[in-house]
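Only this structure's heavy atoms are used, side chains among them; waters, hydrogens and symmetry mates stay out.
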Amino acid sequence: MDRRVFVTSVLSPVALAFGCAARLDLPHAGTAHAEPGAPIGRSEARLRALEAMKRAARFMSGTVAYKGGYVWAYLPDFSRCWGELEAKRSMIWLQPPGTPSMGHLFLDAFHATGDELYLRAASEVQSAVVSAQHWSGGWNYVYDVAGETSLNEWYETVGRNGWRLEEFHIHPDNATFDDACTAVATQFLLRMQLERPTPESSLALGKAIRFVKDSQYPSGGWPQRYPLSADYTRLLTFNDDVLGENIRTLLMAYAALGQVDVLNNLRAAMDSVLALQQPAPQAGWGLQHDFDGKPAAARSFEPAALATHTTAKNVEQLLSFHALTGDAKYLARVPEALAWLDKVKLTPELAAELGGTHPTFIQMGSDRPLYVHRRGSNVVNGKYYFDEQIAPRLSHYTPARTIDLDGLRERFQAYSGSGHAGCPVLKTGGSVPLPKYFSLGTPTLGELCAGSSQKTPNVTDPQAMQVVEALDAEGRWLRPLEFLTNPYRGPGDAAAYSEATYASTHVGDRTDTSPYRPAARPATYAAEAALLGISTRTFIENMAVLIAYVGPNR
């Protein structure tokens, strides 16, 4: 699984939901109001949408949730459930689209309808998020309501045997910024603080904001995990938008709560992007940097190299920082980064072959691509390696990225061609209201700072009714599960395994607990029938469509 594509798509569900309207091809359960597809008036359509939203929310909060928390997917009988790996029923997932993402959705539904049912559901999520908070103030990927003994047992079995999911191989006593785990939990608690705070959640929010501040290096960057470990997670991290999400969190704390003490942290974070840009002619950034400012290696499939997608993301960040502050220093070296990205782009032939415009990794000093490969069959005998050859292609970490270089140039020209006064609230103080919706697309830094109203996507009657009619009688949007996993069956064989059988698959042999798409299973696996399941991603996508349809901003 390309986890960043997956997570990002969930945090911006509406764009996918319209694409997924055509995917809602399960047999329709219909409703009591009319036959599926029958013409109905606008007022009745809105009533049907509101009723479907309530049925779906009641099912998720009353049947699916465990102590207010969620993972990512479930079999209908709850005999198996999954986050990024298979989970126990007593576990909740903080990583999007898990528990905090569901809380954001319920709060959005309350804002769209005014129905207290959704605020009660959001409050239950709030309690789960507070319970899952690490003692340091942040959050780990997962939390087990059954306690540390149960969670340790999961890490020692399922977690340790996910070949490509090295972040789950050890149960660390710290919290993570990876995949927005701590950011999305903090941002949800911050929204609830403005809506329905409790003494416990107020305390948790204060701890979380202190955690973001305390974990920041003097240079302005953040590690991936904190308190610090002795491994790569202590490095200055851009990967999976660690810095960008922390800036978003601090800006929300300042703009919505008036916490002026975070301003120095904000400025230091923005300046760290400048400080870590490499000198020309390779004026890019890596996934993470060492304390000398150089790109550094992390997981076994993440070499010490420049990363083209990280460079493009940081260019976008610099443009946003200029818009927030009006300070031209954030534009000064953008042309160097754009020139480097232009220099290392793939030929049209390779771009077509690899499905992207730029190699993911570029070697320091040579501007030559660096491709990742693996050999072996499981976590015990498997090994990753790097070279300049494309084959054998690694499937779970794409060798190429699609970068809209022309779009970045246009944005730069627009920003450099006119003066920007910067964000008013950053200059004058005070507070601004947060955007009403976080499930219709992640609010930009500008929207958070200026309190500007969001543009609600236009959902037509047929689009809304297609989502309504896909809801079954129990309040479920059942869909084939995107990923399956092997149940834990013990550690893998340590014997050498150099064949290419699993070089280009998401999963290794049957001892590997990593997720894989059923249609792309290894050749050594027998055919498997698709499993229908309950998905938080599907719920969030479809509810976001209906929120946009019934919301007062239509």
Side-chain angles (χ1 to χ4, degrees), residues 1-3 80 82-88 91 140-142 144 148-174 176 178 224-225 229-235 287 296-305 361 370-387 389-399 483-518 520-528:
M1 171 170 52
D2 188 336
R3 64 192 277 183
R80 297 183 73 186
W82 294 266
E84 191 160 13
L85 290 163
E86 184 160 4
K88 298 182 179 183
M91 292 172 70
N140 190 20
Y141 302 104
V142 296
D144 196 330
E148 284 295 298
T149 299
S150 177
L151 185 58
N152 281 330
E153 190 272 339
W154 179 87
Y155 268 101
E156 291 168 2
T157 55
V158 175
R160 184 171 293 176
N161 284 279
W163 180 10
R164 62 184 175 82
L165 295 169
E166 297 173 9
E167 56 270 48
F168 293 104
H169 288 180
I170 298 174
H171 180 195
D173 186 17
N174 56 15
T176 186
D178 188 37
Q224 188 183 97
R225 301 191 70 97
S229 299
D231 58 10
Y232 72 88
T233 61
R234 67 188 292 117
L235 297 171
L287 295 178
R299 291 175 292 183
S300 350
F301 46 85
E302 293 170 331
F361 295 119
L370 195 61
Y371 296 106
V372 189
H373 315 284
R374 73 179 187 182
R375 59 172 62 94
S377 65
N378 58 58
V379 72
V380 179
N381 64 28
K383 182 179 180 180
Y384 288 90
Y385 63 98
F386 313 97
D387 60 32
Q389 306 303 311
I390 295 172
R393 288 180 58 173
L394 192 66
S395 65
H396 70 82
Y397 209 95
T398 179
F483 294 92
L484 298 178
T485 59
N486 295 312
Y488 173 70
R489 61 185 67 193
D493 192 334
Y497 195 102
S498 59
E499 296 179 31
T501 308
Y502 304 107
S504 298
T505 59
H506 272 49
V507 67
D509 63 35
R510 287 293 190 178
T511 68
D512 184 4
T513 56
S514 302
Y516 63 94
R517 297 182 187 276
R521 65 186 181 276
T524 57
Y525 286 23
E528 298 169 281

_Tell me if the centroids of the rings in Y384 and H396 come within less than 6.0 Å of each other._
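Ring-ring flag for Y384/H396: true, centres closer than 6.0 Å.
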Give me the atom names and distance for the closest heavy-atom approach of [X] to [Y].
{"X": "S300", "Y": "F386", "value": "O-CZ, 3.2 Å"}
{"X": "Y232", "Y": "A297", "value": "CB-O, 4.0 Å"}
{"X": "S229", "Y": "N174", "value": "OG-ND2, 2.9 Å"}
{"X": "T524", "Y": "T501", "value": "CG2-CG2, 3.6 Å"}
{"X": "S395", "Y": "H506", "value": "OG-ND1, 2.9 Å"}
{"X": "T511", "Y": "G490", "value": "CB-O, 3.7 Å"}

Do any N or O atoms from the side chain of [X] and from the backbone of [Y] form a donor-acceptor pair under 3.5 angstrom?
{"X": "R375", "Y": "K383", "result": "no"}
{"X": "R225", "Y": "T233", "result": "no"}
{"X": "R299", "Y": "E166", "result": "no"}
{"X": "R160", "Y": "V379", "result": "no"}

I want to check something: taking the side chain as every heavy atom from C-beta on, are [X] and [Y] in contact at a cut-off of under 4.5 Å?
{"X": "P515", "Y": "R164", "answer": "yes"}
{"X": "W163", "Y": "Y502", "answer": "yes"}
{"X": "Y516", "Y": "N486", "answer": "yes"}
{"X": "Q224", "Y": "L235", "answer": "no"}
{"X": "L394", "Y": "R374", "answer": "yes"}
{"X": "V507", "Y": "P522", "answer": "yes"}
{"X": "N161", "Y": "P491", "answer": "yes"}
{"X": "W154", "Y": "E86", "answer": "no"}

Quick one: pull up [atom1] in [X] and [atom2] in [Y] and give me the separation to the nearest 0.5 Å.
{"X": "M91", "Y": "L85", "atom1": "CE", "atom2": "CG", "result": "8.5 Å"}
{"X": "Y371", "Y": "I390", "atom1": "OH", "atom2": "CD1", "result": "4.5 Å"}
{"X": "E148", "Y": "H171", "atom1": "CD", "atom2": "NE2", "result": "4.5 Å"}
{"X": "T505", "Y": "Y525", "atom1": "OG1", "atom2": "OH", "result": "7.0 Å"}
{"X": "Y141", "Y": "F168", "atom1": "OH", "atom2": "CZ", "result": "6.0 Å"}

*Can you list the residues that meet the side-chain hydrogen bond (donor to acceptor under 3.5 Å, both in side chains) rule with Y385, with sequence neighbours excluded?*
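Per chain and number, Y385 pairs via side-chain hydrogen bond (donor to acceptor under 3.5 Å, both in side chains) with no residue.
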*State which residues pass side-chain hydrogen bond (donor to acceptor under 3.5 Å, both in side chains) with S150; sequence neighbours excluded, sorted by chain then number.*
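S150: side-chain hydrogen bond (donor to acceptor under 3.5 Å, both in side chains) contacts with K88, D144.
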*Does a side chain donor of either N378 or Y497 reach within less than 3.5 Å of an acceptor in the other side chain?*
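Side chains of N378 and Y497: no pair found under 3.5 Å.
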*Mind checking salt bridge (charged side-chain N to carboxylate O under 4.0 Å, His left out) for E156 and listing every partner two or more places apart, or none if nothing turns up?*
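Counting only residues at least two positions away or on another chain, E156 forms no salt bridge (charged side-chain N to carboxylate O under 4.0 Å, His left out).
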*Using 30° and 60° as the class limits, which term best fits the ring planes of F301 and Y397: parallel, tilted or perpendicular?*
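Tilted, since the angle between the ring planes falls between 30° and 60°.
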